[in-house]
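By convention here, the first residue in the shown sequence is residue 1.
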Amino acid sequence: MAKHIIKSEEHSPKIPQRPDPQQVTDRTFFIDAANRNLTAIPLEILALKELEEVHLENNLIEEIPKHIQHLKNIKILYLNKNNLRNLCPELGGLGSLEGLDLSYNPILASSLPVISCLHTLRELRLYHINLGEIPIVICKNLHHLELLGLTGNHLECLPKEIVNQTKLREIYLKQNQFEVFPQELCVLYNLEIIDLDENKLSAIPEEIGNLTSLHKFFVAYNNLPFVPDSLGQCEKMSVLDVSHNLLQSLPHTLSQLTEMTEIGLSGNHLEKVPRLLCRWTSLHLLYLQDTGLRGLRRSFKRLVNLHFLDLSQNHLDHCPLQICMLKNLEVLALDDNKIGQLPSALSFLSKLKILGLTGNKFSVFPEEVFALASLEKLYIGQDRGSKLTHVPESIGKLQSLKELYIENNYLEYLPVSLGSMPNLEVLFCQHNLLRQLPDAICQAQALKQLWLDDNLLTRLPENLDSLVNLKILTLKDNPMEEPPVDVCTKDIEIIWDYLKQSRNRKRMAIKIQAWWRGTMVRKGFGRFAELAKTRKKGKTSPKDKKGKKDAKGKPEKGNKK
């Protein structure tokens with residue numbers, strides 16, 4: 001359930017965009033032509049001499065025309081996600097350019113040096129362009145860079161000339177081939193963000209402590225056996241991600257980092273919560289997934305400002321009471337542990353919105369969660385843990401619930417109370433033993449997604465199409481009869497049409513039956529129900545009896561008195 005810390009360079013805020021103008025004129029300053037399937041930059045754009053910002057990302061543009069030089073006032077140019085291979089020399093004449101994004105283009109390295117002519121450049125993004133090395137002239141000539149994005153390339157080192165980037169505040173080197181930490185970075189004293197996730201680093205130099213302006217440091221998914229003591233000198237550090245390395249502890253010097261708000265320690269062999277961590281009372285996000293934990297320290301309850309806590313994939317056999325003291329907690333992941341029961345004190349988590357309990361050892365549904373009035377998402381699929389056979393009707397108490405994940409259990413039916421949950425949008429019930437859906441599900445008008453694959457369903461509630469907001473309905477691997485399987489594999493609109501036609505056929509059948517009953521009554525056969533009853537007993541109709549009675553009262557022909 002839990003997600004990693006969101007901090008990719010590609011999510012780093014770019015220079016703010018201005019609203020799209022009502023119409024294009026000679027005085028137009030901003031153009032958004034992204035996502036238009038353009039194969040070339042329109043000449044109309046190149047004629048706007050006052051233009052300062054243009055977005056052309058996610059098109060099919062193959063070249064930058066030489067007329068780009070007419071955009072003398074251009075400050076922001078985004079051409080990422082196109083088909084550019086070469087950069088024309090005229091690009092280097094854009095003397096006002098401050099932000100350039102050429103990411104996700106098959107650009108030839110031989111055409112990159114033209115960027116070195118853009119002396120006013122402050123932000124340069126070259127993500128995923130198959131770059132093997134950075135042209136030295138870029139590092140030599142660009143002295144105003146504040147952001148350099150090089151994620152997703154094949155870099156093994158940085159040129160020594162990178163030390164010229166004295167104004168650099170953010171550098172993104174994720175998903176490259178660094179085996180040695182770039183020592184040159186340790187003299188760029190204005191650095192605030194360093195991202196070296198998903199490389200092959202085995203050590204961080206002690207000189208990292210020189211970066212006293214460092215706020216965010218990302219070195220997850222490397223081969224680090226330890227963190228240097230000197231990291232504690234980076235007193236402005238607020239975000240540290242060392243997840244998925246070879247750490248067994250943290251140096252005590254990190255206790256000096258009093259401004260820590262986020263730390264990722266997942267995937268390390270800690271076995272215990274580092275003692276110093278409990279001193280960081282300003283922590284908001286804490287990732288301890290798959291760290292070998294069997295419990296928490298008593299002092300853990302000091303982390304009263306935690307909003308997000310990931311304890312999934314550990315060895316917890318109970319929910320630690322210290323967690324219940326974290327009254328500001330909004331997200332709690334306890335997935336894939338050995339928990340069999342929840343404490344009643346869980347109700348103290350009055351702000352909890354997301355709770356992950358997937359893959360644990362609950363023998364029955366943990367009703368303690370029903371006291372969490374603010375809960376919006378509940379994950380209790382049991383792909384690895386004990387299988388639940390029953391969801392109590394009391395789940396209807398979770399009136400704020402938007403998403404319920406109860407896949408991979410042994411549920412044969414769903415509670416009727418799901419229909420009275422006004423905010424329920426996602427119901428994930430795949431891989432169960434459901435034989436039918438309650439008709440009340442048709443009252444859950446907020447429902448947008450209903451996942452029912454791999455169950456034992458044979459029919460749908462006839463008014464299911466009343467769920468006007470439903471966009472996703474999956475019925476794969478069910479023995480469906482009504483609607484039939486071939487209909488259930490089609491788009492939801494076709495399923496809805498089938499249900500409507502089925503209702504119309506039933507209405508017509510009822511009308512015909514009512515007409516027949518009326519006809520029988522008009523012919524003197526009495527109430528249709530009585531007639532049907534007498535026929536079942538093998539008796540004659542009232543009309544037949546009347547005929548026999550009259551026959552008894554008359555002499556037969558040829559008889560004498």
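- Taking a cutoff of 4.0 Å between a charged side-chain nitrogen and a carboxylate oxygen, R122 and E98 qualify as a salt bridge.
- The neighbour count for E206 CD, taken as heavy atoms of other residues, nucleotides or ligands under 6.0 Å away, is above 12.
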Inset, instruction - Check the pair L231 / I204 against side chain to side chain contact (heavy atoms under 4.5 Å, CB included), numbers first and verdict last. - result: CA-CA 9 Å; L231 194 62; I204 299 171; 5.8 Å; no

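- Residues E376 and S400 bring no donor and acceptor atom of their side chains to less than 3.5 Å of each other.
- Taking each heavy atom of T291 and G267 in turn, the nearest pair found is CG2-N, 4.0 Å.
- At a threshold of 4.5 Å between non-hydrogen side-chain atoms, the residues L126 and Y104 do not count as touching.
- Atom CE of residue M260 and atom OG of residue S255 lie 12.0 Å apart, to the nearest 0.5 angstrom.
- T261 places no side-chain N or O within donor-acceptor distance of the main-chain N or O of L283, the cut-off being under 3.5 Å.
- Residues T281 and V304 form no side-chain contact, since every pair of their non-hydrogen atoms from C-beta on lies 4.5 Å or further apart.
- Rounded to the nearest 0.5 Å, atoms CG (L372) and NZ (K353) are 13.5 Å apart.
- Defined by atom type and a distance below 3.5 Å, a donor-acceptor pair is present between the side-chain atoms of K351 and N328.
- Judged by distance alone, the side chains of E425 and Q449 never bring a donor and an acceptor atom under 3.5 Å apart.
- Distance SG/C139 to CD1/I162: 4.0 Å, rounded to 0.5 Å.
- D383 places none of its side-chain heavy atoms less than 4.5 Å from the side chain of E407.
- Looking only at atom types and distance, the side chain of N59 has no donor-acceptor partner in the side chain of N82 under 3.5 Å away.
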Inset, instruction - Show the numbers, then the answer: is there a side chain to side chain contact (heavy atoms under 4.5 Å, CB included) between D290 and S266? - result: CA-CA 6 Å; D290 188 24; S266 298; 5.8 Å; no

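- Between the N153 side chain and the L150 main chain, a donor and an acceptor come within less than 3.5 Å of each other.
- Distance alone, capped at 3.5 Å, is enough to place a donor-acceptor pair between the N199 side chain and the N176 backbone.
- Within the 4.5 Å cutoff, side-chain heavy atoms of L467 are placed close to those of Q445.
- When each of L326, L311, L303 is tested with L286 by the rule side-chain contact (heavy atoms from CB on, under 4.5 Å), just one qualifies, namely L303.
- Counting non-hydrogen atoms of neighbouring residues, nucleotides and ligands closer than 6.0 angstrom, the NE2 atom of H143 exceeds 12 such neighbours.
- Using a 30° and 60° split on the angle between ring planes, H55 and F30 fall in the tilted class, from 30° to 60°.
- Judged by distance alone, the side chain of T39 and the main-chain N or O of I61 form no donor-acceptor pair under 3.5 Å.
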Inset, instruction - For T151 and Q175, run side chain to side chain donor-acceptor pair (under 3.5 Å): C-alpha distance rounded to whole Å, both residues' side-chain angles, the deciding distance at 0.1 Å, then the answer. - result: CA-CA 6 Å; T151 287; Q175 295 175 358; over 6 Å; no

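- A search for ring-ring contact (aromatic ring centres under 6.0 Å, His included) contacts involving F428 returns Y405, W451, not counting sequence neighbours.
- Within the 3.5 Å criterion, the main-chain N or O of S312 finds a donor-acceptor partner in the side chain of N314.
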Inset, instruction - Test side chain to side chain donor-acceptor pair (under 3.5 Å) on N130 and H154 and set out the steps. - result: CA-CA 6 Å; N130 204 30; H154 305 290; 2.6 Å; yes

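- Between N423 and A446, the closest heavy-atom pair is C-CB, 4.0 Å.
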Inset, instruction - Test side chain to side chain contact (heavy atoms under 4.5 Å, CB included) on V227 and L224 and set out the steps. - result: CA-CA 7 Å; V227 173; L224 300 172; 5.7 Å; no

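- Inter-residue side-chain proximity for L447 and N469 is flagged as unmet; no heavy-atom pair is nearer than 4.5 Å.
- Residue L97 holds its CG atom at 10.0 Å from CG of L71, rounded to the nearest 0.5 Å.
- The minimum heavy-atom distance linking L424 with E403 is given by the pair CD1-N, 4.3 Å.
- With respect to R169 and E192, a salt bridge is recorded, a charged nitrogen being found less than 4.0 Å from a carboxylate O.
- The line from CG of L473 to CG of L450 is 5.5 Å long, rounded to the nearest 0.5 Å.
- Exactly one residue among D101, N105, I107 makes a side-chain contact (heavy atoms from CB on, under 4.5 Å) with S103. That residue is D101.
- Checked by atom type and distance alone, the side chain of S374 pairs as donor or acceptor with a backbone atom of S350 at under 3.5 Å.
- At least one side-chain heavy atom of L91 sits under 4.5 Å from a side-chain heavy atom of L77.
- A donor-acceptor contact closer than 3.5 angstrom is absent between the side chains of K236 and H215.
- Although no hydrogens or angles enter the test, the distance criterion places a donor-acceptor pair under 3.5 Å between the side chain of Q322 and the main chain of R297.
- No donor-acceptor pair under 3.5 Å is formed between the side chain of N58 and the backbone N or O of A34.
- Judged by distance alone, the side chains of Q177 and K200 do bring a donor and an acceptor atom under 3.5 Å apart.
- Side chains of I263 and L285 form no contact here, defined as non-hydrogen atoms less than 4.5 Å apart.
- Between L102 and I115, the closest heavy-atom pair is CD1-CD1, 3.9 Å.
- A distance-only check finds a donor-acceptor pair linking the side chain of N337 to the backbone of D335 [under 3.5 Å].
- The line from CZ of F29 to CD of E53 is 12.5 Å long, rounded to the nearest 0.5 Å.
- A donor-acceptor contact shorter than 3.5 Å links the side chain of N268 to the backbone of V242.
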Legend entry - From CA spacing to verdict: ring-ring contact (aromatic ring centres under 6.0 Å, His included), F218, Y172: CA-CA 9 Å; F218 304 106; Y172 300 96; 8.1 Å; no

Inset, instruction - With side chain to side chain contact (heavy atoms under 4.5 Å, CB included) as the test, would you mind laying out the steps for F178 and E156 before giving the verdict? - result: CA-CA 4 Å; F178 289 95; E156 297 180 4; 5.7 Å; no

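- The local environment of NZ in K490 is crowded, with over 12 non-hydrogen atoms from other residues, nucleotides or ligands closer than 6.0 Å.
- With contacts defined as side-chain heavy-atom distances shorter than 4.5 Å, the pair F348/L346 does not qualify.
- The shortest non-hydrogen separation linking H67 to L46 is CB-CD1, 3.8 Å.
- Other residues, nucleotides and ligands contribute over 12 non-hydrogen atoms within 6.0 Å of the CD atom of Q256.
- Considering all non-hydrogen atoms of both residues, P422 and Q399 come closest at CD-OE1, 3.2 Å.
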